[in-house]
Amino acid sequence: VQLVESGGGLVQPGGSLRLSCAASGRNFEGWTMGWFRQEPGKERELVAAINWSGFNPYYAGFVKGRFTISRDNAKNTVYLQMNSLKLEDTAVYYCTAAGRFQLHPKGIDYWGEGTLVTVSS
């Protein structure tokens, strides 16, 4: 199984980035896809998650109204549109897949390698 992220980079505060994650290696039908992030010296935290139907995705409070998660099941791809980025959004962002919704990293079945997002002026 592979989860390959792309789209990270350097952006100014207030800017936007779109992360993509291409999943392969198994049938992900019914699985919950998500994005975690990890800042230096901190634990990984859930940013957003979306189930197979795409109905009622989960967002952490610190990104609500700014980030949007979506998925294209035909392409086995999940996206994270990040708008109004703040300095504190700087982190490595990881794509994840789990058999059911997981708030904690320990419950995640598959992880991508991560992509760095740096918000700086």
Side-chain angles (χ1 to χ4, degrees):
V1 173
Q2 275 196 312
L3 302 178
V4 180
E5 303 100 335
S6 61
L10 175 64
V11 63
Q12 291 186 339
S16 298
L17 279 177
R18 188 194 195 205
L19 304 183
S20 299
C21 170
S24 62
R26 67 159 295 150
N27 183 354
F28 285 97
E29 182 175 353
W31 283 58
T32 295
M33 306 295 292
W35 293 91
F36 278 72
R37 73 184 188 185
Q38 186 170 25
E39 301 169 58
K42 295 187 178 181
E43 294 187 353
R44 292 183 186 184
E45 57 185 356
L46 178 61
V47 175
I50 186 168
N51 60 19
W52 177 254
S53 71
F55 178 74
N56 197 25
Y58 169 88
Y59 295 98
F62 52 80
V63 302
K64 270 186 179 178
R66 300 189 297 124
F67 291 10
T68 302
I69 189 171
S70 60
R71 65 190 291 171
D72 183 336
N73 292 331
K75 296 181 179 179
N76 273 345
T77 301
V78 62
Y79 306 95
L80 186 68
Q81 178 67 43
M82 305 186 294
N83 298 330
S84 302
L85 282 160
K86 304 176 181 180
L87 296 175
E88 53 264 41
D89 292 319
T90 296
V92 176
Y93 285 72
Y94 296 91
C95 178
T96 63
R100 56 190 179 96
F101 176 79
Q102 295 289 343
L103 190 62
H104 196 277
K106 288 184 179 180
I108 297 298
D109 294 279
Y110 301 110
W111 292 86
E113 292 293 319
T115 185
L116 177 62
V117 172
T118 303
V119 184
S120 176
S121 56

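Scope of the values below: all heavy atoms of this structure, side chains included, with no hydrogens, waters or symmetry mates.
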Open item on the list: So, taking the atom named CG in Asn76 and the one named CE in Met33, what distance separates them when rounded to the nearest 0.5 Å?
Closed with: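 One finds 7.5 Å between CG of Asn76 and CE of Met33.
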TODO: Working to the nearest 0.5 Å, report the span between CH2 of Trp35 and CZ of Arg44.
DONE: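 One gets 13.0 Å once the value is rounded to the nearest 0.5 Å.
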Do [X] and [Y] sit in one hydrophobic cluster, given that two such residues count as connected whenever their side-chain heavy atoms are within less than 4.5 Å of each other, even indirectly?
X	Y	answer
Met82	Ile50	yes
Leu19	Val63	yes
Ile108	Phe101	yes
Val119	Val47	yes
Tyr94	Leu116	yes

Quick check against the 3.5 Å criterion: does [X] have a side-chain atom that pairs as donor or acceptor with the backbone of [Y]?
X	Y	result
Arg26	Val1	no
Asn73	Trp52	yes
Thr77	Lys75	yes
Glu45	Arg37	no
Tyr59	Ile69	yes
Glu5	Glu113	yes

TODO: Kindly indicate, with the supporting measurements, whether the criterion side-chain contact (heavy atoms from CB on, under 4.5 Å) is fulfilled by Val11 and Asp89.
DONE: CA-CA 11 Å; Val11 63; Asp89 292 319; over 6 Å; no
Which pair of heavy atoms, one from [X] and one from [Y], lies closest together, and at what distance?
X	Y	answer
Asn83	Ser16	OD1-OG, 2.9 Å
Leu17	Leu85	N-CD1, 3.9 Å
Pro105	Trp111	O-CZ2, 3.6 Å
Thr90	Leu87	OG1-O, 3.0 Å
Gly107	Ala98	O-CB, 4.3 Å
Ser20	Tyr79	OG-CD2, 3.3 Å

Open item on the list: I'd like to know whether CD of Glu43 has more than 12 heavy-atom contacts from other residues, nucleotides or ligands below 6.0 angstrom.
Closed with: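 Open: at most 12 neighbouring heavy atoms sit under 6.0 Å from CD of Glu43.
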Open item on the list: Would you say CD of Glu39 has more than 12 non-hydrogen atoms from neighbouring residues, nucleotides or ligands within 6.0 angstrom?
Closed with: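 More than 12 within 6.0 Å, yes.
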Open item on the list: Show, in sequence, the C-alpha distance, side-chain angles and deciding distance for Trp31 and Asp109, and conclude whether the side-chain contact (heavy atoms from CB on, under 4.5 Å) test is met.
Closed with: CA-CA 10 Å; Trp31 283 58; Asp109 294 279; 3.7 Å; yes
Open item on the list: Applying side-chain hydrogen bond (donor to acceptor under 3.5 Å, both in side chains) to Asn51 and Thr32, what does each step give before you reach the verdict?
Closed with: CA-CA 4 Å; Asn51 60 19; Thr32 295; over 6 Å; no
TODO: List the steps and the verdict of side-chain contact (heavy atoms from CB on, under 4.5 Å) for Lys64 and Arg66.
DONE: CA-CA 5 Å; Lys64 270 186 179 178; Arg66 300 189 297 124; over 6 Å; no
Task: Worked verdict on Phe28 versus Leu3 for side-chain contact (heavy atoms from CB on, under 4.5 Å) - done: CA-CA 11 Å; Phe28 285 97; Leu3 302 178; 4.2 Å; yes
Task: Aromatic ring pairing Tyr93/Phe67, orientation class (parallel under 30°, perpendicular over 60°, tilted between) - done: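 Tyr93 and Phe67: tilted rings.
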